[in-house]
Amino acid sequence: MAYRWKNDLTHADVTPRAAFLNRRQIIGGLGAGTILGALGSRAGAQEAAALEPNSYEEITSYNNYYEFGTGKDDPARYAGALTSSPWSVKIDGLVDNPGAFAMQDILDRMTIEERIYRFRCVEAWSMVVPWNGFELADLLNLAGVQSSARYVAFETALRPTEMPGVAYRVLDWPYVEGLRLDEALHPLTFMATGIYGKPIPNQNGAPLRLVVPWKYGFKSIKSIVRITLTDREPPTSWNKAGPNEYGFYSNVNPEVDHPRWSQATERLVGGGLFAKRQPTLMFNGYEQEVAGLYAGMDLARNF
Ligand code: MTE
């Protein structure tokens with residue numbers, strides 16, 4: 001079987017410039033002790049070395065960001081209107097130091113690293129993205145998480161004058177998301193500020209977006225303005241829109257289908273017209289790292 005996946009991929013599968021950059025960044029990244037090294041996961045590190053990121057063009061021109069429209073090319077077309085600098089993120093709720101954190105102050109206090117992650121949308125397409133950013137846990141540490149906190153709630157900016165899509169009630173704006181605190185503190189959970197070493201474009205969620213690589217892409221909320229530590233499971237946009245279709249957890253799981261389509265396989269964006277769909281991996285390939293978070297849970301019920 002010739003799935004276009006892992007070792008089957010060659011540099012010919014991505015744009016020449018991107019492929020050149022990728023190879024160097026993968027090697028450099030692993031050498032510098034990325035997350036996979038830190039977790040001591042040899043299998044994971046080998047997989048990461050075999051991942052060939054999508055091209056910059058693919059990652060920044062095929063997007064979901066409904067505040068700018070529901071078409072895949074709407075965000076690239078309209079998100080330029082978003083004022084993403086200056087920016088500040090309010091961190092409140094069950095924290096020792098609540099307040100507004102200026103984006104520049106956050107950047108000054110974080111060490112930016114690269115993470116090459118698989119990205120799997122609930123719509124059954126996928127990409128491989130070289131993100132730049134820092135662990136969410138490091139940001140939460142700035143605010144000092146109190147021991148009574150159990151969940152983290154996130155909120156996207158709501159700017160009707162800059163976001164043409166919010167005139168339509170496709171979702172209940174602002175876009176909100178949430179994680180259990182242990183998920184939020186997991187070392188794979190990332191706050192992205194860049195792609196391919198460049199500042200993250202507006203259509204991908206500038207200036208700061210969440211990336212949770214073992215969950216469906218809609219959990220990775222964009223252009224975050226507020227993070228709230230709480231003791232209750234927070235509401236999430238897609239769960240509010242379709243509770244039977246989108247659960248709070250939304251872990252990638254090839255064995256639990258969406259009510260309207262299979263989640264067993266996925267289409268790699270940029271894979272070419274005749275590429276076979278590739279099998280979807282449990283927890284999107286991060287099973288070794290995250291399965292323990294859900295020990296004893298019924299993953300079909302807690303979808
Ligand atoms: N965040 C906000 N605020 N609004 C959105 O519409 N779409 C989600 C997620 N984050 C979305 C969002 C979905 S469905 C996906 S698949 C990813 O963003 C897409 O991220 P990308 O465009 O960087 O690939």
Side-chain angles (χ1 to χ4, degrees), residues 53-80 82 84 87 89 115-133 153-160 162-179 189-196 198-227 234-242 245-247 250-252 258 261 263 266-270 280 284:
N54 281 85
S55 72
Y56 184 81
E57 278 62 38
E58 286 160 357
I59 296 165
T60 60
S61 65
Y62 187 88
N63 301 98
N64 277 336
Y65 197 165
Y66 279 16
E67 287 87 334
F68 295 98
T70 54
K72 291 286 180 278
D73 53 356
D74 285 338
R77 204 177 292 166
Y78 301 118
L82 179 70
S84 53
W87 193 270
V89 183
R115 299 279 178 93
I116 299 169
Y117 282 160
R118 290 187 201 83
F119 188 85
R120 169 61 157 82
C121 178
V122 74
E123 297 165 336
W125 52 264
S126 67
M127 294 196 198
V128 176
V129 183
W131 305 104
N132 310 99
F154 303 86
E155 190 179 307
T156 294
L158 176 53
R159 308 244 185 94
E162 297 181 349
M163 297 172 152
V166 302
Y168 306 90
R169 298 212 65 83
V170 225
L171 290 171
D172 187 13
W173 314 111
Y175 196 100
V176 290
E177 256 306 334
L179 294 173
T189 304
F190 204 58
M191 295 299 269
T193 57
I195 293 173
Y196 272 117
K198 301 181 191 178
I200 192 166
N202 286 358
Q203 60 265 37
N204 293 89
L208 186 69
R209 66 87 62 85
L210 182 67
V211 180
V212 193
W214 71 93
K215 292 178 179 283
Y216 291 119
F218 66 84
K219 297 293 291 182
S220 293
I221 180 172
K222 296 179 169 181
S223 307
I224 295 167
V225 290
R226 186 174 181 192
I227 300 176
T236 61
S237 285
W238 280 102
N239 180 254
K240 283 195 283 180
E245 304 193 2
Y246 310 100
S250 291
N251 294 315
V252 175
H258 184 280
W261 59 85
Q263 295 292 25
E266 63 202 42
R267 174 181 66 89
L268 179 65
V269 170
T280 288
N284 204 26

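When a ligand or atom number is given, it counts from 1 through the structure's own listing order. What you see is a predicted model; the values in this text were computed from it and never measured. Below, all heavy atoms of this structure are taken into account, side chains as well, without hydrogens, waters or symmetry copies. Residue indices begin at 1 and follow the sequence shown.
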Do any nitrogen or oxygen atoms of ligand 1 lie under 3.5 Å from a protein nitrogen or oxygen, and which ones?
from	atom 1	to	atom 2	distance (Å)
ligand 1	1 (N)	Lys222	N	3.2
ligand 1	3 (N)	Glu67	OE2	2.9
ligand 1	3 (N)	Thr156	OG1	2.9
ligand 1	4 (N)	Glu67	OE1	2.8
ligand 1	6 (O)	Tyr66	N	2.8
ligand 1	7 (N)	Asn64	O	3.3
ligand 1	10 (N)	Ser220	O	2.9
ligand 1	20 (O)	Arg209	NH2	3.1
ligand 1	20 (O)	Lys222	NZ	3.4
ligand 1	22 (O)	Asn63	ND2	2.9
ligand 1	22 (O)	Asn64	N	3.3
ligand 1	22 (O)	Lys222	NZ	2.7
ligand 1	23 (O)	Asn204	ND2	3.0
ligand 1	23 (O)	Arg209	NH1	3.0

Problem - Pairs involving residues 205-217, ordered by first then second residue, that meet salt bridge (Lys or Arg N to Asp or Glu O under 4.0 Å) (sequence neighbours left out) - result: Glu183-Lys215
Problem - Residues in side-chain hydrogen bond (donor to acceptor under 3.5 Å, both in side chains) contact with Tyr78, at least two apart in sequence or another chain - result: none
Handout entry: Pair Lys72-Asn64, side-chain donor/acceptor within less than 3.5 Å
Key = yes
Practice task
Could you check Tyr216 against Trp238 for ring pair (Phe, Tyr, Trp, His ring centres under 6.0 Å), going step by step and ending with a plain yes or no?
Solution key: CA-CA 11 Å; Tyr216 291 119; Trp238 280 102; over 10 Å; no
Exercise for the section: Could you pull out all residues at least two apart from Arg77 that satisfy salt bridge (Lys or Arg N to Asp or Glu O under 4.0 Å)? Expected result: Asp73
Handout entry: Tyr65 and Ser223: side chain donor to acceptor below 3.5 Å
Key = yes
